[in-house]
Amino acid sequence: MAEYRPQALDKKWQERWTSARAFEVAEDSSRPKYYCLEMFAYPSGHAHVGHVRNYIIGDVMARTKRMRGYNVLHPFGWDAFGLPAENAAIKSGIHPETSTLANIAHMKGQLQRLGISYAWEREFATCEPTYYKWNQWLFIKMYERGLAYRRRSSVNWCEKDQTVLANEQVVDGGCWRCGTPVTIRDLEQWFFKITEYADDLLKGIEGLGQWPEKVLTMQKNWIGRSEGARVRFGEIEVFTTRIDTIFGATCVFLAPEHPLVDRYAAESDDPAAFRRKVATFRAQDRTARLTGEIEKEGFFTGRSVVNPFTSEAVPVWVANFVLGEYGTGAVMAVPAHDQRDFEFATKYGLPIKTVIEPGPETATAPAPEAYVDYGRLVHSGEFTGLSSETALVRMGEWAERNNIGARSVQFRLKDWGISRQRYWGTPIPMIYCDACGIVPVPYEQLPVELPAVKTFTGRGDSPLAQVPDFVNVSCPKCGGKARRETDTMDTFVDSSWYFYRFCDPANDTLPFDPAKAKYWMPVDFYSGGVEHAILHLIYSRFFTRVFRDLGLVDHDEPFTHLLTQGMVLKDGAVMSKSKGNVVDPDDMLQKYGADPLRLYVMFVAPPEKEVEWSDAGLEGSWRFLARVWRFVDQWCGAAMGAPSPASFGADGLSRTDRQLRRRTHETIRRVTVDVEQRIHLNTAVSALMELVNDLYAYGDGLGQGDVSPASRAVLREAIEALVVMVSPFAPHTTEELWEMLGHTEGLTKTPWPAFDEHVAKPEEIVIPVQVNGKLRSRLTVAPDTPESELRDAALADPAIRAYTDGKTVKSVIVVKGKLINVVVV
RNA sequence: GCCGGGGUGGCGGAACUGGCAGACGCACAGGACUUAAAAUCCUGGGUCCCGCGAGGGGCGUGUGGGUUCGAUUCCCGCCCCCGGCACCA
C-alpha cells in the first residue's frame with residue numbers, strides 16, 4: 001500500500017501543469033468567462049500564511065469555476081513600486097530595483113510551491129516601464145480633461161534631513177529617522193480630481209450588492225456627502241446643514257486658514273498679536289490634531305457681520321476647531337442647538353438663543369447642553385411654528401430668492417494628491433518651460449523612464465532632482481530650455497487599474513485593448529484584505545469611471561463580488577516579523593506538503609473571518625487527506641472500469657448502494673452551492689469529510705469477499721466525485737489519485753460531477769414530532785407522505801399519546817417534510 | 001458620539017427561507033489491533049436532575065421582554081467584544 005506523502009507529489013504535478021500550460025487562457029465567446037482575482041502583492045520578501053490564505057481562497061474559486069465550465073482568468077502580479085524598498089535602499093545601499101526583483105522571485109516561488117493556478121504568462125510588475133508608461137499616458141489624458149491639476153499644498157518636512165516625509169514616516173509628530181519635529185511646507189503638487197466623481201461614486205454603491213456591508217459603509221463615510229446650504233453673512237459665506245437654526249446664530253467662526261483672516265489681522269488694532277494667535281492655531285492643526293483632542297479656543301476679530309435672516313449684527317471669531325478645507329472654511333455658531341458651539345459660547349460668554357423647541361410645550365430649556373435634534377421653530381420670524389424638516393426647505397428657498405445663499409451639497413472626500421518626492425515610483429510626465437509653462441511629455445516620448453540612481457541618502461530634494469540628465473530637457477513645444485517634473489506618482493495609481501492590464505498585459509499601443517477588457521471585465525470575484533476598503537477600492541472605482549469617460553470601457557464598476565478575507569493570527573496577534581510569530585508557509589510545505597496546508601486554511605473558518613493558527617488543526621487536515629488517500633488506494637482496483645450506477649436500473653442496487661449514491665449526490669449539491677454561491681469554503685470541506693466518513697462505513701459493510709458489480713459502480717461514482725470535488729482544495733493529492741483511478745486526462749481538464757436531483761432524493765425521511773414545541777418522538781416516513789397521514793401517524797404514536805391522553809388536542813401543525821407539532825391544552 | 005459587524009460546548013465552527021441547536025474538525029476519554037508504543041480503525045460526549053440499569057425529565061445560542069403552534073433566526077430594551085469614522089458645521 002502506497003503511503004501518503006504529499007511533499008513528494010507537489011513538484012511532480014506543478015511541473016505537469018506548467019508544461020501543459022494548464023492555466024493559460026484566451027478570450028472565448030463560446031464559454032462564460034470568470035475573472036478571479038486576488039489583490040496583487042507588494043513584494044516585501046516573504047509571504048506568510050496570512051497572505052497565502054487569500055491566494056488559496058482565490059485558487060479554490062478559480063479551480064472550481066474551471067471545472068464548472070467557465071473560461072477562467074486568474075492572473076497575478078506585483079505592486080512593485082513603493083516606499084519600503086526605497087527606505088531599505090537608504091539603510092542598506094541596495095538599489096530598490098535589485099531588492100524588489102529578488103523579493104518577487106522568492107515570493108513567486110512560494111506561490112508556485114503552493115500550486116496556485118495562476119496564468120503566469122500574464123504576470124507583470126508595476127515597476128516595469130512597459131507598465132508605468134500607461135500610468136503616464138493616463139495621467140496626460142486626465143490632465144487634458146482637467147482631471148489632473150496642480151496646486152500648492154502642504155507636506156510634512158524634516159528640517160534636519162531636508163526632505164519630505166510621507167504620513168507613515170511621521171512617528172509621534174517627528175521624523176521616523178531622526179525624531180526631529182515635523183514642520184509643514186507648502187509645495188506645488190499634482191492632484192487627481194476624484195471629487196468630480198463624488199456623487200457618481202456614492203450612487204454606484206447602491207449597485208454593489210455583493211460587497212461586504214462594512215466596506216460600503218466605510219466608503220460612504222469616506223465620501224461623506226451632506227446636504228445643506230451656503231449662506232452669506234456679509235462678506236463671509238458659511239456652510240450649514242441646519243439652516244432651520246439660523247435665527248439662533250449669534251456668532252460666525254472662521255477657520256484659522258480662512259482667506260479673510262490675514263486681511264482682518266492686517267486691519268486690526270494689533271496685527272502682530274492677531275497673527276501670533278492665528279499662527280498658534282495653524283500649528284496646532286497639524287500636530288495636536290493627530291495625537292489627540294485639542295482644547296476648543298478662539299478669539300474675537302473685532303469685526304461683525306450681519307445675519308441675513310435677522311438683520312442683526314453678529315461678531316466674527318477665529319476658532320481653532322473650524323476646518324479650512326471643509327465647506328467654506330467658515331461656520332455660523334448656534335450655541336443653543338450645536339454641542340460644540342454651546343461649549344464655546346459657555347466658555348467665552350457668547351449669547352445663547354433658543355430657536356428650536358422639542359415638543360408642543362413652550363418651556364424654554366436652560367439646559368446644560370445644546371438641544372441638537374429636530375423640533376419646532378420659535379423666535380424665527382415668519383418661519384416660527386414650522387417643523388425643522390419644513391424649515392430646512394423653506395428657508396433654503398428663501399435664501400435663494402433673496403440672493404443671500406443657496407442650497408448646497410458638501411463632500412468630505414478631497415481631491416487625491418498624488419505627488420511623491422520619492423525615487424521608486426512612476427515619474428510624472430510633465431515639463432516646465434519658462435516660455436510655455438506646463439507642457440505634457442508628448443505621447444510618443446513615453447515612457448519617461450526612471451533614471452539610474454546609485455546612492456540613496458534620503459536627504460535633500462526629490463531624488464530625481466539630483467539627476468541633471470533627467471531634469472534638463474528641451475521644451476516639446478518651443479524647443480527652449482525646460483525642466484522635468486521630478487516628483488513621482490503615489491503607488492496607489494499603479495494599483496488603481498492593474499486588473500485591466502491583466503486582460504491584455506503585452507499591449508504596446510494602449511493600456512489595454514477595449515475588446516479584451518469588454519470580454520473579461522468586470523472582475524467577478526475579488527478578494528483581499530479589508531485594509532484596502534477605502535483607498536484602493538475607491539481609487540479603482542474612480543479610475544474605472546475615468547476609463548469609461550475616455551471611452552475605453554462601458555461599465556461603471558470594476559469588481560462585482562468583493563470578499564475581504566480575515567487575517568491569520570498566531571498567539572492572538574497578527575503575524576509580523578517584529579513580533580516573531582510568523583508562520584512561514586515553506587516550513588509547512590516541508591513538513592506537511594502543500595495540500596494539507598491549503599485544506600486547513602480553507603476548513604478552519606469562513607474566508608472572511610479572522611482565524612487563530614493551529615498546528616493541530618493542520619494535522620487534522622493532513623489526516624483527512626490521508627484518509628481519502630487510503631480509501632482510494634484500497635478500493636480503486638474494485639472501482640476502476642465500473643459502469644455508471646444508473647445502468648443498473650431501479651431495482652439493480654441494494655439499499656446500502658442506493659444510500660451511498662444518494663449521499664454522493666447530496667454532497668455534490670452541497671459542495672457546489674457552498675463553493676460557487678455561498679463561498680462557504682469551510683462547510684464545503686465539512687460536507688466532503690462527511691462523505692468520506694460514509695465511504696468508510698460503506699467499505700466496512702462490503703467485507704472481505706468479492707464486490708458486486710453494482711457496488712463497484714456506486715463506489716466508483718462516489719470516489720470519483722469525491723476526488724474531483726476535493727481537487728480545488730488539494731490539487732496535487734487528487735491529481736495523483738485521479739491517475740491511480742486510471743485516468744490519463746488530468747483533473748484540470750475534468751468537468752465537475754453532475755448532480756442528479758432524482759438520485760439525491762431520500763427514500764424515507766425522519767420527521768420530528770413535537771408536543772407544544774417540545775420534541776417528543778420521531779416518525780420515519782416516505783418523503784411524499786400526505787399531510788393527513790402524517791397527522792394521524794403522529795397522533796397514534798405511543799410516545800405522543802403519553803402527552804395527549806387526557807388533554808384536548810387544539811391543533812396539529814404539519815410542515816410537510818419538516819416537522820409535526822401537536823398543540824394540546 | 002455616529003456607522004457597521006458580532007456574542008452558540010473545553011476550542012475552531014455548523015444550522016441555507018421561523019421548524020430536530022451543537023454538523024464537521026481539534027482536544028479529551030474508552031475500546032480494538034500491538035510484546036509495547038506510534039499510526040490506524042471503532043465508540044462516546046452541552047449541562048443539571050431522577051434511575052442500579054435500559055431509560056426518563058428539566059434547563060440551554062450574551063441579557064430582559066415581545067410576536068408565534070414553534071425563535072440561534074423576526075421585533076423592542078439593555079450588557080459586552082471587534083472594526084471603521086469622528087470637532088465635517
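Please read all numbers here as calculations on a predicted model, not as lab measurements. Convention: sequence-line order gives letters A, B, ...; per-chain numbering from 1.
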Open item on the list: Between C1' on G70(B) and CG on Asn821(A), what's the gap in Å once rounded to a whole number?
Closed with: 6 Å
Open item on the list: Between Phe239(A) and Ile534(A), which residue's closest nucleotide on RNA chain B lies nearer the 5′ terminus?
Closed with: Ile534(A)
Task: Rounded P spacing from U61(B) to C20(B) in Å - done: 15 Å
TODO: Find which nucleotide of RNA chain B each of Lys810(A) and Asn221(A) is nearest to by heavy atoms, and output the residue with the more 5' nucleotide.
DONE: Lys810(A)
- [ ] Could you state the atom-to-atom distance from NZ of Lys774(A) to C1' of A71(B) in whole Å?
- [x] 13 Å
Task: Length of the CG-P vector between Leu569(A) and C82(B), whole Å - done: 13 Å
- [ ] Would you verify whether the NZ or CZ of Arg776(A) falls within 45 degrees of the ring axis of Tyr803(A) while also being under 6.0 Å from that six-membered ring's centre?
- [x] yes
Open item on the list: With a 3.5 Å distance limit and no angle check, can you tell me whether Asp244(A) reaches the backbone of Leu392(A) through a side-chain donor-acceptor pair?
Closed with: no
Task: Parallel, tilted or perpendicular: ring planes of His665(A) versus Phe755(A), cut at 30 and 60 degrees - done: tilted
Task: Tyr803(A) vs G57(B): side-chain N/O to OP1/OP2 distance below 4.0 Å - done: yes
Open item on the list: Taking G18(B) as the reference, what is the distance to C24(B) when you measure between their P atoms (whole Å, please)?
Closed with: 25 Å
Task: Interatomic distance, Trp211(A) CH2 vs G5(B) C1' [rounded to whole Å] - done: 18 Å
Task: Nearest-angstrom distance from the residue atom CE of Met218(A) to P of C85(B) - done: 6 Å
Task: Distance, C1' atom - from C80(B) to U63(B), rounded to whole angstrom - done: 10 Å
Task: C1' atoms of A27(B) and G44(B), separation to the nearest Å - done: 14 Å
Task: Contact state string [nucleotides 8-17 of chain B, B base, S sugar-phosphate only, - no protein heavy atom under 4.0 Å] - done: ----BSSSS-
Task: Same-atom distance (C1') from C16(B) to A21(B), integer angstrom - done: 15 Å
Using a cut-off of under 3.5 Å, enumerate the N/O to N/O pairs linking the protein to nucleotides 37-44 of chain B.
from	atom 1	to	atom 2	distance (Å)
U40(B)	O3'	Arg630(A)	NH2	3.1
C41(B)	OP1	Arg627(A)	NH1	2.8
C41(B)	OP1	Arg630(A)	NH2	3.2

Open item on the list: Before we go on, tell me: are the rings of Phe603(A) and Phe624(A) under 6.0 Å apart, centre to centre?
Closed with: no
Open item on the list: Is a donor from one side chain sitting under 3.5 angstrom from an acceptor on the other, for Glu619(A) and Tyr600(A)?
Closed with: no
TODO: Determine the interatomic distance between C1' on A71(B) and the same-named atom on G66(B); round to the nearest Å.
DONE: 11 Å
Task: Presence of Arg412(A) side-chain N/O under 4.0 Å of A86(B) phosphate oxygens OP1/OP2 - done: yes
Please list, one pair per line, the donor and acceptor atoms closer than 3.5 Å that link side chains of residues 207-215 of chain A to other protein atoms, with sequence neighbours excluded.
from	atom 1	to	atom 2	distance (Å)
Gln210(A)	OE1	His561(A)	ND1	3.0
Trp211(A)	NE1	Phe559(A)	O	2.9

TODO: Between G62(B) and G9(B), how far apart are the C1' atoms? Round to whole Å, please.
DONE: 15 Å
Task: Nearest-angstrom distance, C1' atom, C41(B) to C33(B) - done: 9 Å
